[in-house]
Peer 1: 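Just dropping this structure here.
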Amino acid sequence: MSASTDQLARRIEELLDARAPTSSICPSDAARAVDPDGWRELMDDARAAAGELAAQGRVQVTQRGEVVDVATARGPVRIRRPR
C-alpha cells in the first residue's frame with residue numbers, strides 16, 4: 001500500500017471502530033478525515049484502501065446492501081465490518 005492508502009486504511013478502521021458494529025461508512029468519510037479540503041483527490045486511494053482491507057477479511061465493501069468487489073464496482077459503495 002502507498003503511504004496515503006495505508007493512512008486511509010487506518011482511518012477506515014478507526015471510523016468503523018467508533019460506530020455500531022452494524023454501521024457502515026462511505027470511502028469519502030475516510031478521505032475527509034485525512035484531508036478535509038482535498039478529500040476528492042483521495043477517493044481512488046480510499047477505495048483502494050477499502051479493497052485491501054476487504055482482501056484481508058477485515059471489512060466488506062457493499063453496494064445496495066450486497067457485498068461487491070470494490071475494484072469492479074461502479075458508483076457509490078459502503079464499507080462495513082464483516083457479518
Side-chain angles (χ1 to χ4, degrees):
M1 277 193 254
S2 72
S4 65
T5 306
D6 187 50
Q7 185 179 14
L8 285 158
R10 283 194 309 272
R11 194 53 60 107
I12 287 168
E13 296 224 82
E14 290 169 0
L15 289 169
L16 288 173
D17 287 345
R19 288 176 168 72
T22 56
S23 294
S24 65
I25 63 166
C26 179
S28 66
D29 295 331
R32 282 184 177 101
V34 169
D35 186 352
D37 296 323
W39 66 271
R40 284 181 179 85
E41 296 166 11
L42 295 176
M43 285 303 294
D44 288 341
D45 287 342
R47 287 175 71 108
E52 291 286 334
L53 291 171
Q56 296 169 15
R58 296 163 70 174
V59 302
Q60 292 177 326
V61 178
T62 64
Q63 193 169 50
R64 293 181 214 101
E66 299 295 321
V67 176
V68 296
D69 179 355
V70 72
T72 58
R74 309 286 284 169
V77 296
R78 302 287 298 174
I79 307 165
R80 68 182 187 195
R81 290 292 183 193
R83 296 190 180 152

Peer 1: Got more than 12 heavy atoms from elsewhere within 6.0 Å of CG, Asp44?
Peer 2: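 Result for CG/Asp44: open.
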Peer 1: Which other residues belong to the hydrophobic cluster containing Met43, where Ile, Leu, Val, Met, Phe, Trp and Tyr are joined when side-chain heavy atoms lie under 4.5 Å apart, directly or via other members?
Peer 2: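 Met43 shares its hydrophobic cluster with Trp39.
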Peer 1: Shortest non-hydrogen contact from Ile12 to Ala30?
Peer 2: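 Where Ile12 meets Ala30 most closely, the heavy atoms are CG1-CB, 3.6 Å.
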Peer 1: For Ser4 and Asp45, which heavy atoms make the closest approach, and how far apart are they?
Peer 2: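 So the minimum-distance heavy-atom pair works out to OG-OD2, 2.8 Å.
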Peer 1: Please name the pair of heavy atoms, one in Pro27 and one in Ala46, separated by the smallest distance, quoted to 0.1 Å.
Peer 2: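 Closest approach of Pro27 to Ala46: O-CB, 3.6 Å.
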Peer 1: Enter the distance from Leu16:CG to Leu53:CG here, rounded to the nearest 0.5 Å.
Peer 2: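 Between Leu16 CG and Leu53 CG, I get 8.5 Å after rounding to 0.5 Å.
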Peer 1: Search all heavy atoms of Val59 against all heavy atoms of Ala50 and return the closest pair with its distance.
Peer 2: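 Minimum heavy-atom separation between Val59 and Ala50: CG2-O, 3.7 Å.
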Peer 1: Backbone N or O of Ile25 within a donor-acceptor pair of the Arg19 side chain at under 3.5 Å?
Peer 2: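 Not at all, since once roles are kept as given, no pair shorter than 3.5 Å links the two residues.
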Peer 1: Return all side-chain donor-acceptor pairs below 3.5 angstrom for residues 74-81, not counting sequence neighbours, or 'none' if the list is empty.
Peer 2:
from: Arg78; atom 1: NE; to: Ser24; atom 2: OG; distance (Å): 3.0
from: Arg78; atom 1: NH2; to: Ser24; atom 2: O; distance (Å): 2.8
from: Arg78; atom 1: NH2; to: Ser24; atom 2: OG; distance (Å): 3.2
from: Arg80; atom 1: NE; to: Gln60; atom 2: OE1; distance (Å): 2.9
from: Arg80; atom 1: NH2; to: Gln60; atom 2: OE1; distance (Å): 3.0
from: Arg81; atom 1: NH1; to: Glu13; atom 2: OE1; distance (Å): 2.8
from: Arg81; atom 1: NH1; to: Arg58; atom 2: O; distance (Å): 3.3
from: Arg81; atom 1: NH2; to: Glu13; atom 2: O; distance (Å): 3.4
from: Arg81; atom 1: NH2; to: Asp17; atom 2: OD1; distance (Å): 2.6

Peer 1: Between Val70 and Gly51, what is the shortest heavy-atom contact and its length?
Peer 2: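 Val70 and Gly51 have their closest heavy atoms at CG1-CA, 3.5 Å.
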Peer 1: Is it true that atom CD of Glu14 has more than 12 heavy atoms of other residues, nucleotides or ligands lying nearer than 6.0 Å?
Peer 2: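 Atom CD in Glu14 is packed in, count exceeds 12.
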Peer 1: Applying the side-chain contact (heavy atoms from CB on, under 4.5 Å) test to Arg83, which of Val67, Thr62, Thr22 qualifies?
Peer 2: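 Looking at Val67, Thr62, Thr22, the match for Arg83 under the side-chain contact (heavy atoms from CB on, under 4.5 Å) is Thr22.
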Peer 1: Which pair of non-hydrogen atoms, one from Gln63 and one from Ala73, has the smallest distance, and what is that distance?
Peer 2: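 Taking Gln63 first and Ala73 second, the nearest heavy atoms are OE1-CB, 4.0 Å.
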Peer 1: CD/Glu52 to CZ/Arg47 distance, rounded to the nearest 0.5 angstrom?
Peer 2: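 Between atom CD of Glu52 and atom CZ of Arg47 there are 14.5 Å.
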Peer 1: To the nearest 0.5 Å, what is the distance between SG on Cys26 and CG on Leu15?
Peer 2: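 Answer rounded to 0.5 Å: 11.0 Å.
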